[in-house]
Amino acid sequence: MADQMDDLMKSRMAQLEDYIMKNCLWQFHSRSWDRKVQNEGVLTRTMQILCGEPVANETPIDKCHWVDAVVLAEEFHRRCPWLAGMDKAEVKTLMGALREHMDYLTIDGSLNLELTDQHY
Amino acid sequence: MPYHEFECSKCIPERKKHAVIKGPGEDLTSALPLGYLNTIPGTISERGCAYCGAKHVIGTPMKDVIHLSHGPIGCTYDTWQTKRYISDNDNFQIKYTFATDMKEKHVVFGAEKLLKQNMLEAFKAFPHIKRMTIYQTCASALIGDDLNAIAQEVMDELPDVDIFVCNSPGFAGPSQSGGHHKINIAWINQKVGTVEPKAITSDYVINYVGEYNIQGDQEVMSDFFKRMGVQILSTFTGNGSYDDLRAMHRAHLNVLECARSAEYICNELRVRYGIPRLDIDGFGFEPLGNSLRKIALFFGIEERAQAIIDEETARWKPELDWYKVRLTGKKVCLWPGGSKLWHWAHVIHAEMGLDVVSVYTKFGHQGDMEKGISRCEEGALAIDDPNELEGLEAMETLKPDIILTGKRPGEVAKKIRVPYLNAHGYHNGPWKGWEGWVRFARDIYNAIYSPIHELSRLDISKDEIPGDKGFVTQRMLSDANLPEEVRNSATLREYTGKFDCLEALRHKTYPTFERKAAAAVAG
Ligand code: SF4
C-alpha cells in the first residue's frame, strides 16, 4: 500500500509515525504477537475515531486499546491540521498505510531478537 | 547498520554491535544495538547480578516484610541503605537488612539449619512483621539448599506467617534484569490469587506496577489516583504491601510504569486473569497528563483527570519554564539502568530544552533501546552495557554538560569534571508528578550551574587562577546570556515548593465518590 502513495501522503504518514514513535508506548509490547494485537487494536480504533465510526469497546482489553486510540486521535488532530481537510476514504488509506508501516517497524522489520521468545 | 566502534574497545570486536548512532533517515530496522546478552568477558561491565535485580530492585521495596538474603553477608550488605525506595511505615524495609551470613563451613556442611534459625530469630526480633521473603544467592544455590522446604517448615511452626521464596541467585541471568524476570514470575506463580483483597472501596481498581517509590514517587502518583477516586489495590512494589500484592488478580486494570522490570507480571496477569496492561509515563507534564487521562477514560471519569491536569499545570508550569529557559541547549548523556532512558529521552528535550546526545542502558533489553532510540533526536549515540572506558571516551567526544546516571559511573564523570545526577535514587526527589518534574529540573539546573563545578574545572597545575574575582553565583552563570525580559520575567519563577513535599500528602483527606451500585439503589 505504501508504494502507491504519493509524496504528500508519505510525508503525512511520516508525521503520524513520528508522533507515535516519540510519545507512545503501546506499540512496544513484549512479543511479536502482542505487538500485532496492539497495532491492530489501537490503530484500527484510531482510524474509526478519525472517521466518526462506531468503535468496539466491550471487553477490558478493547477498552484499553480504545483509550490509547482516543488520546492518539486527539493528538493527531492537534498536531496535524491537514487531517480536518481529508475525507473518510483518504483517512482510511492513510491509516491503513500507517498500520502496515508500524507492523514493519515494530514486528516484521524489527531487529529485536526477543520478539519471538515463546515465554514472557 | 550504523554501529559505533569505541577506540578503547577495538581489542574486543564483539562490543561493536552494542553501540549505534542513529543517523538521518534511519529507523529501528536499521539502528538497534544488541542487548540483554551475557557480558563479554574482559569488558568490565557495570551491571548488577540477578540476585541484586530480584532483591534490591523489586523485592525490597515491599514495606511490611522481612527481606532475608540467604548467603554471604556481602551480597546484601553492599546495598544496605543505599536505596531510596522509602515507605510510609517508617521505612522498615530499608532500615533493617537481614542476611544469614553464610561462611565456608556452611558451604561444606550445608546452610539450611542456619537459614531456619535466622528466619525464626528475625520473626522473633520483629514480632509485628508477619511476612518474609527469602532470596537465594550464588553460594546457597550452588550448594543446593532447599529454600522452599525450610520456608514450609517455618510456616508450619508459625502459622500466622507467610513466606515468599525468590530463587534468583546472582548467576541466574546476564544482569539484574534476569532477576527482575525471575521474581515477577515467581510472585505470580506463588502468591497472586492466594488471598482476597482486604476491601474494594471503589468502582475503579488498579494495580500500579513497576513503580518503586523512589524518594516518594509512588506517594505522589497515589495522590492523583486518590483525587480521581481510583483505588490502588497494590503497588508492585514501591511502598507496596505483601498481602495487597497477593490480591493483584482482583484489579480492573494494570497501570504499568517501568515495563523493563515489571512487564512480565502484567503480561501474565493479562493471560491468566484477563486484566489489561496500560503502559504509562509518570514523568513530564504532558506525558503524565495523557497517562492520567487514559486511566480516567478507561473508567469513564475523564473530568476528574482533567481537573487535576488543569490545576497542576497552572501551579507548576511557570516554574518549569523558569528552568527551561536556562537549560535549553544543554547537552545530556542519559545513562540510566533501564527504563528511564525512554521515560525521559523525549520529554527532557520537549519540556526542559535539553539535548540528549547519548543514551545507554546497563541492563535494558533491545525493547528498551527501541523505545529510547525512537524517542531521542538524530545523532544520539546509543550504547548497551557500556564499561567505564567507553563511558569516558563518550564523554570526551560528546562533551556533555551533565550526565544522568548511577553512582558508580557518576563518580567517574565527576573526576573529569562533568556534573552528574543520580538517575536511580535521585537527588532531591520525588521527580514524578508535576511538582516532581520541577524538582528534577531544579536538580539539573543546580548541577549544571554549580559554582563549585566552575572552580573544579580549573587545573591549579597549569591554569591561571583568577584571584581577583569574587565567587560567582548560579544566577550569574545561568542568566549571563538571557535577554532582560526573560531574566526578570514577571511570570516565570524558581521552584517554590517545600523541602519535604510528601509530608502533607500523608495526612491529606480525599473526597469520597459515590459508588455506582449505591447510586443505582438511591436512584
Ligand atoms: S553475583 Fe552472587 S555472590 Fe555476587 S552479589 Fe550477586 S548473589 Fe552475591
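As the structure is a prediction and not an experimental result, all values here were calculated from the model. Throughout, a chain's letter reflects where its sequence line sits, starting with A, and its residues are numbered from 1.
With a 4.5 angstrom heavy-atom cutoff, B:I373 does not touch chain A via any of its atoms. For B:I185, the part lying under 4.5 angstrom from a heavy atom of chain A is the side chain only. Interface residue B:L34: only side-chain heavy atoms are found under 4.5 Å from chain A. Residue A:H119 does not touch chain B at all, counting heavy-atom pairs closer than 4.5 Å. Residue B:V271 touches chain A through its side chain alone, counting heavy-atom pairs closer than 4.5 Å. Contact of B:E302 with chain A is not made at all, since no heavy-atom distance falls under 4.5 Å. Heavy atoms of B:D27 lying under 4.5 Å from chain A belong exclusively to its side chain.
With respect to the salt-bridge test (charged N to carboxylate O, under 4.0 angstrom), the residues B:R277 and A:D34 do not qualify. By the 4.0 Å N-to-carboxylate-O rule, B:E263 lies too far from A:R31 to be salt-bridged with it.
For B:H4, the side-chain contact (heavy atoms from CB on, under 4.5 Å) partners two or more places apart in sequence, or in a different chain, are B:F6, B:A19, B:I21, B:L381. Residues meeting the salt bridge (Lys or Arg N to Asp or Glu O under 4.0 Å) test with B:R250, sequence neighbours left out: B:E196.
B:S374 contributes atom OG, which lies 8.5 Å from atom CD of A:E17 (distance to the nearest 0.5 angstrom). Rounded to the nearest 0.5 angstrom, B:N254 CG and A:C64 SG are separated by 9.0 Å. In this structure, A:N112 CG and B:T29 OG1 are separated by 13.0 Å, a value rounded to the nearest 0.5 Å. Note: B:I188 CD1 to A:Y120 OH = 11.5 Å, rounded to the nearest 0.5 Å. Once rounded to the nearest 0.5 Å, the distance linking CG of A:L115 with CD of B:Q366 reads 8.5 Å.
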* Between A:F28 and B:D279, does a side-chain contact (heavy atoms from CB on, under 4.5 Å) hold up when you go through it step by step? -> CA-CA 9 Å; A:F28 288 124; B:D279 292 41; over 6 Å; no
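Within the 3.5 Å criterion, the main-chain N or O of B:H365 finds no donor-acceptor partner in the side chain of A:E114.
The shortest distance between side-chain heavy atoms of A:V67 and B:L278 falls below 4.5 Å.
Chain B forms the most heavy-atom pairs under 4.5 Å with one residue out of A:S30, A:G109, A:S110, and that residue is A:S30. Contact count against chain A (heavy-atom pairs under 4.5 Å) is highest for B:N267 among B:N290, B:N267, B:V347. Contact count versus chain A (heavy atoms, under 4.5 Å) is highest, among B:P276, B:A345, B:G274, for B:P276.
Note on residues 61-77 of chain A: pairs passing salt bridge (Lys or Arg N to Asp or Glu O under 4.0 Å), not counting sequence neighbours, are A:R45-A:D62, A:D68-B:K294, A:E74-B:R293, A:E75-A:R78, A:E75-A:R79.
Applying a 4.5 Å heavy-atom cutoff, the residues of residues 18-26 of chain A that approach chain B are A:Y19, A:M21, A:K22, A:N23, A:C24, A:L25.
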